[in-house]
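These notes are about the structure you will find just below.
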Amino acid sequence: MKLNKQEILKALETITAPGEGQNMVDSGAVKNVVVFGDEVVVDITIKNPSLQAKKRTEVDILKTIHDKVYEKAKIKVNVKVEAPEHPKANVIKGEPILGIQNIIAVASGKGGVGKSTVTANLAVTLAKMGFKVGVLDADIYGPSMPIMFDVESERPLAVNIDGKSKMKPIENYGVKMLSIGFFTEPNQAVVWRGPMAAKALNQMIFDAHWGELDFLLLDLPPGTGDIHLSIMQSLPITGAVVVSTPQNVALADAKKGVAMFQQESISVPVLGIIENMAYFTPEELPDKKYYIFGKEGAKNLAEDLKVPFLGEIPLVQSIREAGDVGRPAALQIATPSERAFETLTKNIVQEVVKRNEDLPPTEAIKITTMAGCSAVKK
């Protein structure tokens, strides 16, 4: 049987090359079709360099010509890969959330420095100042915000927004909140790999109805890993604050936390460093300060790294007790804890205002290598 070139092209218009939106003829992927009786040669160029894409292209062409033109046709497919000049292995562009003005990441280089306690108290202090505030508990493996806000037994409801079902954040003390803790049992361990955790976070970010917020605080897990990259790939972060205690072990990791945000491929403005558990003052000796974990370590680190020092929080028993019973210490009236968190929060707000005046909006980071962000020396 003598085949017709136009019939071959018409058949190829029904399939697409991997990664192309149009069919392989209209997209220009098919470069040439040559017909000799019942023999066909198809030259095609694709942009996907994987072996799977090349094989799928060849199989699709063979099957389509056999099904739609002639089942005994002798077909040869020449697949050429033409990658872009500057290929990017994966580019992830974040999406701003409508109605949220500022997104602040609260991070720490290591666990146990009181990052979640600081986040909870910052949130309620901002709310007391009249701001509209939300908290996203991004510590997938150790969510503590439901305990700190006394909402462990609550479960987010679904609301209909413009025809789409969205999660309604739980609210207490004037703060809206979402946490993986709302979706797991108290004794249930979250044993997830990175991609699963990232997917859960994206759902809490983009499938939630946050409404109008002046500040969304992100309580990040300790360290500098996969969850941090997922968050910064998903969201344009206004700025980050790093929490540390004054001791050298914590400061070494806090330095790495600052370096992560300052890395060229990330470039999230560091609003400053917070020194938690700065000193201990016994109730019976209000004028006495004991520097249990060292003195002014985080303050000195901020000076060395040339980032703002946002303030210090004393080691006070009532702060721990307040967190355990679900009523953050910053809600207490006329106490040293309330004053410390008010000073800290005002400093952060000032840094946000200054950052927004001096710098353009942050874009979500673009990862341009398969390994993500490489290590950086600081």
Side-chain angles (χ1 to χ4, degrees), residues 1-96 163-165 192-203 205-207 225-226 229-236 264-266 363-375:
M1 177 179 175
K2 188 175 181 180
L3 300 178
N4 183 286
K5 180 178 178 178
Q6 294 305 317
E7 288 183 356
I8 302 294
L9 289 172
K10 188 174 180 181
L12 296 179
E13 286 177 354
T14 64
I15 52 177
T16 60
E20 300 285 348
Q22 293 178 299
N23 68 69
M24 57 177 56
V25 175
D26 290 342
S27 68
V30 174
K31 301 301 181 184
N32 194 25
V33 173
V34 180
V35 177
F36 304 97
D38 63 351
E39 297 181 14
V40 179
V41 178
V42 178
D43 295 328
I44 184 167
T45 300
I46 63 174
K47 295 178 181 178
N48 191 327
S50 69
L51 290 174
Q52 182 181 3
K54 292 173 70 176
K55 189 64 180 175
R56 181 189 144 192
T57 300
E58 184 178 355
V59 169
D60 284 352
I61 291 174
L62 292 172
K63 186 174 185 304
T64 300
I65 294 175
H66 283 150
D67 289 349
K68 296 184 178 294
V69 183
Y70 180 47
E71 63 180 356
K72 295 182 179 180
K74 299 171 186 175
I75 307 165
K76 182 180 180 182
V77 180
N78 299 317
V79 181
K80 181 182 176 183
V81 176
E82 192 176 81
E85 281 186 35
H86 302 287
K88 293 185 178 180
N90 54 320
V91 177
I92 304 177
K93 175 72 175 174
E95 305 171 33
K164 294 182 180 179
S165 181
W192 289 348
R193 293 189 184 274
M196 248 184 115
K199 184 176 180 181
L201 280 173
N202 275 337
Q203 286 183 311
I205 294 169
F206 297 111
D207 292 344
D226 193 51
L229 286 177
S230 296
I231 286 283
M232 290 182 287
Q233 287 173 316
S234 301
L235 290 173
E264 186 178 352
S265 57
I266 293 178
E363 290 188 352
I365 64 170
K366 303 179 181 72
I367 300 302
T368 57
T369 65
M370 290 303 290
C373 294
S374 59

Please give me the minimum heavy-atom distance between N23 and E13, naming the atom from each residue.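 Closest heavy-atom pair between N23 and E13: CB-O, 3.1 Å.
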
Looking at every non-hydrogen atom in both residues, tell me the closest pair between K72 and H66 and how far apart they are.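 Of all heavy-atom pairs spanning K72 and H66, the closest is N-CD2, 4.4 Å.
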
I'd like to check the side chain to side chain donor-acceptor pair (under 3.5 Å) partners of K63; sequence neighbours left out, ordered by chain and number.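 For K63, the residues satisfying side chain to side chain donor-acceptor pair (under 3.5 Å) (neighbours in sequence not counted) are D67.
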
My understanding is that only residues two or more places apart in sequence, or in another chain, count here; which of them pass side chain to side chain donor-acceptor pair (under 3.5 Å) with D207?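 With sequence neighbours excluded, D207 shows a side chain to side chain donor-acceptor pair (under 3.5 Å) to no residue whatsoever.
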
What I'd like to find out is whether the side chain of I65 reaches to under 4.5 Å of the side chain of I8, using heavy atoms alone.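 Yes, close enough: below the 4.5 Å cut-off.
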
Interatomic spacing from [atom1] in [X] to [atom2] in [Y] - rounded to 0.5 Å:
{"X": "L12", "Y": "E7", "atom1": "CG", "atom2": "CD", "result": "12.0 Å"}
{"X": "L62", "Y": "K74", "atom1": "CG", "atom2": "NZ", "result": "14.5 Å"}
{"X": "N4", "Y": "L9", "atom1": "CG", "atom2": "CG", "result": "9.0 Å"}
{"X": "M24", "Y": "T57", "atom1": "CE", "atom2": "OG1", "result": "5.5 Å"}
{"X": "D60", "Y": "T16", "atom1": "CG", "atom2": "OG1", "result": "7.5 Å"}

Residues forming a side-chain contact (heavy atoms from CB on, under 4.5 Å) with E71, sequence neighbours excluded: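 E71 satisfies side-chain contact (heavy atoms from CB on, under 4.5 Å) with no other residue.
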
For A11, all residues meeting side-chain contact (heavy atoms from CB on, under 4.5 Å), sequence neighbours excluded: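 Expected list: T64, K68, V69.
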
Pair up each side-chain donor or acceptor in residues 31-46 with any protein partner under 3.5 Å, not counting sequence neighbours, and list the distances.
from: K31; atom 1: NZ; to: G28; atom 2: O; distance (Å): 3.0
from: D43; atom 1: OD1; to: N78; atom 2: ND2; distance (Å): 2.8

